[in-house]
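The next block holds one structure in the form of structure tokens; read it before the comments.
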4 protein chains.
Amino acid sequence: MRKRDDEKQHSIKKSVIQLILQEGFQGTSISKIAKLAGVSPATVYIYYENKEVMLRDIYQEYAEDVFDSLLHHLVPDMSGEQLIDVLIRQYYQYILENEEIFHFVDQFSSCPSLHEGCHALQGPKSLNRILLEYKERGILNDFNNENILSILFYPVKNIAIKPRNAEASSDELLDEMISIIRKALLK
Amino acid sequence: MRKRDDEKQHSIKKSVIQLILQEGFQGTSISKIAKLAGVSPATVYIYYENKEVMLRDIYQEYAEDVFDSLLHHLVPDMSGEQLIDVLIRQYYQYILENEEIFHFVDQFSSCPSLHEGCHALQGPKSLNRILLEYKERGILNDFNNENILSILFYPVKNIAIKPRNAEASSDELLDEMISIIRKALLK
Amino acid sequence: MRKRDDEKQHSIKKSVIQLILQEGFQGTSISKIAKLAGVSPATVYIYYENKEVMLRDIYQEYAEDVFDSLLHHLVPDMSGEQLIDVLIRQYYQYILENEEIFHFVDQFSSCPSLHEGCHALQGPKSLNRILLEYKERGILNDFNNENILSILFYPVKNIAIKPRNAEASSDELLDEMISIIRKALLK
Amino acid sequence: MRKRDDEKQHSIKKSVIQLILQEGFQGTSISKIAKLAGVSPATVYIYYENKEVMLRDIYQEYAEDVFDSLLHHLVPDMSGEQLIDVLIRQYYQYILENEEIFHFVDQFSSCPSLHEGCHALQGPKSLNRILLEYKERGILNDFNNENILSILFYPVKNIAIKPRNAEASSDELLDEMISIIRKALLK
DNA sequence: GATGAATGAGAGTTCATTCAT
DNA sequence: TATGAATGAACTCTCATTCAT
């Protein structure tokens, strides 16, 4: 009996993510994926029940990725300033360094018809605990976590995604963003 | 009086936007659109050169819509607090009241392969002028407009889109969000 | 607007029936059908919702055919001998002259998974009335119609279908069959 | 004691026959068969060269089955009445008790493209000898064996297969059928 | 302008079969 | 022997688009 070739599955995943960025969900077919991954179309169905399940599985695998990256860079006893700096800067960094994955996850989650049926992510839960702690220690203002998370990540995502059209350099924007959000969230 | 033509085209547009929300870009075909709009597939091609152009045209028509709505609610000589309140509250309101249009525009613009080739929007330019004015009058902090816009609209979009899962009511979240952003942006 | 081309549909039907005889249900694909009919695969779906419906529709159209042929050859006031002679001989004749249609109908109806969901045939009802009349006139023995019909048609079908392997000529077999069945059914 | 091998092959055969009844030849694939039989698709190819051979082999194994059953119930020196009674009643019984096998064999043999290339059955030969004997003893009318066999088995098959829709009970029909055929075939 | 018919191309998926263990 | 992995070919069906009226 042959055993499953993990490289094959990995190659399929990579191809999916790459194609979604290049061609969008519309332009991404099983046969294109298979061709790019160097396998037969039928092989895709060994690893995934069907196209929908495949996309959802891959989404759920990588949706946690950003959070892992963020949590990995947090260290105990950071100051409030440091916490915000690390979270935002790291999020920004992640987007730049993982363009394909990020856009795949982003496109997927902005499409209600794809998104429904996905189970909730784990990553935000850990973050919620950390925010709670900083609030209890009187460092963060006592806002709802949903608002805090929205303010922490969605503006920076926007400036990371958009192609810069002069006016201000990316670094300047990011630094300023951090200082604005510090002012907003810290006591 | 509306001409018959316009009714047909309007019906097509409505069908496109409705289907994109229900089924996503993938599940939206010309024949489904035509069926829902009550016209022949061939009729669609009288109004639009092809599917890609159709989507882009409709996108560009509605992409300005939010901004029109926002600008329409601004009055001269508002205080900084009022400005932020109106912009955020109105944006939130727009999303709730125009769910289909909003998601169509949002999905479209989060897909690079669709988005490229679209000419820049007019709406942000007007907003930029207004923000500039408030900065010059010493009401808004002197941040880059890109950062200001990112903070004004992206967090609230996030809380408007997500289905509420208890913890805090939508109204409470929105009120809090406004106060956070006021604190961040106003002097 | 183009109108439907009846020749196209007829050509599809002919191709289906021909292919089923040559290759069986297994070897009959939409693309083979389309190729033989000289149309595009997509055209088949203009006339039939899907393959299953197509086969069922064609079956139901031709399933009545034999009965029409039989009824067409009956004339009023035939004797019992004549009635049986005409029914059996004509049935035999029909099978020989409509080999493809007959085998299509026969194969279809011997496959339970295809057959279920087909509405009952009209043809037997007319025959039932006629048999009833001959029974009331004291010409036919008073057997159940189901038995009479089974004896009238199923043995002759068997000798019509099987390739003759000498022993007796087809004509002799048929003549003998008629005399046996006359003996069995007539008073 | 049965060897493990035979169990696997038997399990495959059972699955084939079951699936053919439920789903027809079209809906019966090697992988479905393997799944139902609890073996790997590759295992099927240890026992059968390919799908066509598999179906033919299984057909030829079971095609004799009915005849074995019939011959097994014949005893020497039966009267003509008894002979016909046993043959018809037993045939009827066989169909009811072996629905899956019977339909598999029936569907297979009604499909010319499958049937060709099968070697002739043994069963009919034994029956032929018996019929000959009864004819020589002056009990059966001197008809061609082909006609006798057609009349003996094809009508009863028809009433055994069809779901009863009132009018007459199955038992009544069967009894009547036997008496009709006795009248037809016996001196 | 408006239509339903028509289509080649391609979609997602399953097929019968073989490979490697 | 027995297996699950792997596959090219073929499947049914739908697509975006054009044709003919």
Side-chain angles (χ1 to χ4, degrees), chain A residues 1-6 8-9 26-35 38-55, chain B residues 3-9 26-35 38-55, chain C residues 1-6 8-9 26-35 38-54, chain D residues 3-5 8-9 26-35 37-55:
Chain A
M1 200 228 355
R2 232 184 228 173
K3 44 182 276 210
R4 280 203 192 182
D5 187 343
D6 279 351
K8 281 208 165 60
Q9 180 159 23
Q26 309 196 74
T28 300
S29 71
I30 296 285
S31 52
K32 281 185 191 170
I33 293 165
K35 194 165 287 174
V39 301
S40 155
T43 303
V44 175
Y45 288 87
I46 293 172
Y47 296 94
Y48 302 99
E49 195 183 325
N50 57 43
K51 196 189 181 188
E52 200 182 340
V53 166
M54 178 186 73
L55 292 175
Chain B
K3 270 174 55 193
R4 178 129 188 77
D5 303 349
D6 283 349
E7 271 179 38
K8 279 210 165 60
Q9 181 160 24
Q26 310 195 73
T28 300
S29 71
I30 296 285
S31 53
K32 283 186 191 169
I33 293 164
K35 194 165 289 174
V39 301
S40 158
T43 305
V44 176
Y45 287 85
I46 294 171
Y47 295 98
Y48 301 100
E49 193 185 328
N50 59 40
K51 196 189 179 187
E52 201 183 337
V53 166
M54 178 187 72
L55 291 175
Chain C
M1 201 225 0
R2 232 185 226 169
K3 44 183 274 207
R4 281 206 192 180
D5 186 343
D6 279 351
K8 281 207 165 60
Q9 180 158 22
Q26 309 196 74
T28 300
S29 71
I30 296 285
S31 51
K32 281 185 192 169
I33 293 164
K35 194 165 288 173
V39 301
S40 156
T43 303
V44 175
Y45 289 87
I46 294 172
Y47 295 95
Y48 301 100
E49 195 183 326
N50 56 44
K51 197 189 179 187
E52 201 183 335
V53 166
M54 179 186 73
Chain D
K3 271 176 52 192
R4 178 128 188 78
D5 305 349
K8 280 211 164 60
Q9 181 160 23
Q26 311 195 72
T28 300
S29 71
I30 296 284
S31 53
K32 281 185 191 168
I33 293 164
K35 195 164 288 172
V39 301
S40 157
T43 305
V44 176
Y45 287 85
I46 294 172
Y47 296 98
Y48 301 100
E49 193 184 328
N50 57 42
K51 196 189 181 188
E52 201 182 337
V53 166
M54 179 187 72
L55 292 175

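Below, chains carry the letters A, B, ... as their sequence lines are ordered, and counting in each starts from 1. These numbers were taken from a predicted model, which means no experiment stands behind them.
Residue contacts shown for A/Ile30 include a base, since a base heavy atom lies under 4.0 Å away.
Between A/Lys8 and F/dA5, a side-chain N or O to OP1/OP2 separation shorter than 4.0 Å is absent. An OP1 or OP2 oxygen of E/dG12 is reached within less than 4.0 angstrom by a side-chain nitrogen or oxygen of A/Lys51. In this model, the phosphate group of F/dC11 is approached by a side-chain N or O of C/Ser31 to a distance below 4.0 Å at OP1 or OP2. One finds a side-chain N or O of B/Tyr47 lying less than 4.0 angstrom from the OP1 or OP2 phosphate oxygen of E/dA2. Between A/Arg4 and F/dA5, a side-chain N or O to OP1/OP2 separation shorter than 4.0 Å is present.
Rounded to an integer number of Å, the gap from NZ of D/Lys32 to C1' of E/dA16 is 14 Å. Rounded to whole Å, the distance from CZ on A/Arg2 to C1' on E/dC19 is 4 Å. With rounding to whole Å, D/Met54 atom CE is found 8 Å from E/dA16 atom P. Going from atom OH of D/Tyr45 over to atom P of F/dA6 covers 18 Å, rounded to whole Å. Summarising the geometry, the separation between CD1 on D/Ile33 and P on E/dT14 is reported as 16 Å, rounded to the nearest angstrom. Between B/Gln26 atom CD and E/dG10 atom P there is a gap of 18 Å when expressed in whole angstrom units. Atom OH in B/Tyr48 sits roughly 16 Å away from atom C1' in E/dG1 (whole-Å rounding). Straight-line distance from the CD atom of C/Glu49 to the P atom of F/dC13: 9 Å, rounded to whole Å.
The NZ atom of B/Lys51 sits 6.0 Å away from the CD1 atom of B/Ile33 when rounded to the nearest 0.5 Å. Distance check: B/Ser40 OG to B/Ile30 CD1 gives 11.0 Å after rounding to the nearest 0.5 Å. Once rounded to the nearest 0.5 Å, the distance linking OG of A/Ser29 with CD of B/Gln26 reads 11.0 Å. How far CG of C/Asp5 is from CD1 of C/Ile46: 10.5 Å, rounded to the nearest 0.5 Å.
Taking a pair to require two hydrogen-bonding distances under 3.5 Å in either a Watson-Crick or a G-U wobble arrangement, F/dA20 pairs with E/dT3.
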What's the verdict on side-chain contact (heavy atoms from CB on, under 4.5 Å) for C/Tyr47 and C/Met54, showing C-alpha distance, side-chain angles and the deciding distance?
CA-CA 8 Å; C/Tyr47 295 95; C/Met54 179 186 73; over 6 Å; no
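Residue whose closest nucleotide on DNA chain E sits further toward the 5' end, between C/Asp5 and A/Pro41: C/Asp5. When each of D/Val39 and A/Val44 is assigned the nucleotide of DNA chain F with its nearest heavy atom, D/Val39 is the one assigned upstream, toward the 5' end. Mapped onto DNA chain F by nearest heavy atom, C/Ser40 and A/Ile46 fall at different nucleotides, with A/Ile46 at the one closer to the 5' end.
Among the nucleotides F/dA6, F/dT3, F/dC15, the one closest to any side-chain atom of A/Thr43 is F/dA6. Comparing atom distances between the C/Asn50 side chain and each of E/dA11, F/dC13, F/dA6 picks out F/dC13 as nearest. With distances taken from any side-chain atom of C/Ser29 to the nucleotides F/dA6, F/dC11, F/dT17, the minimum falls on F/dC11.
Across all their heavy atoms, A/Lys8 and A/Thr43 have their closest contact at CD-CG2, 4.1 Å.
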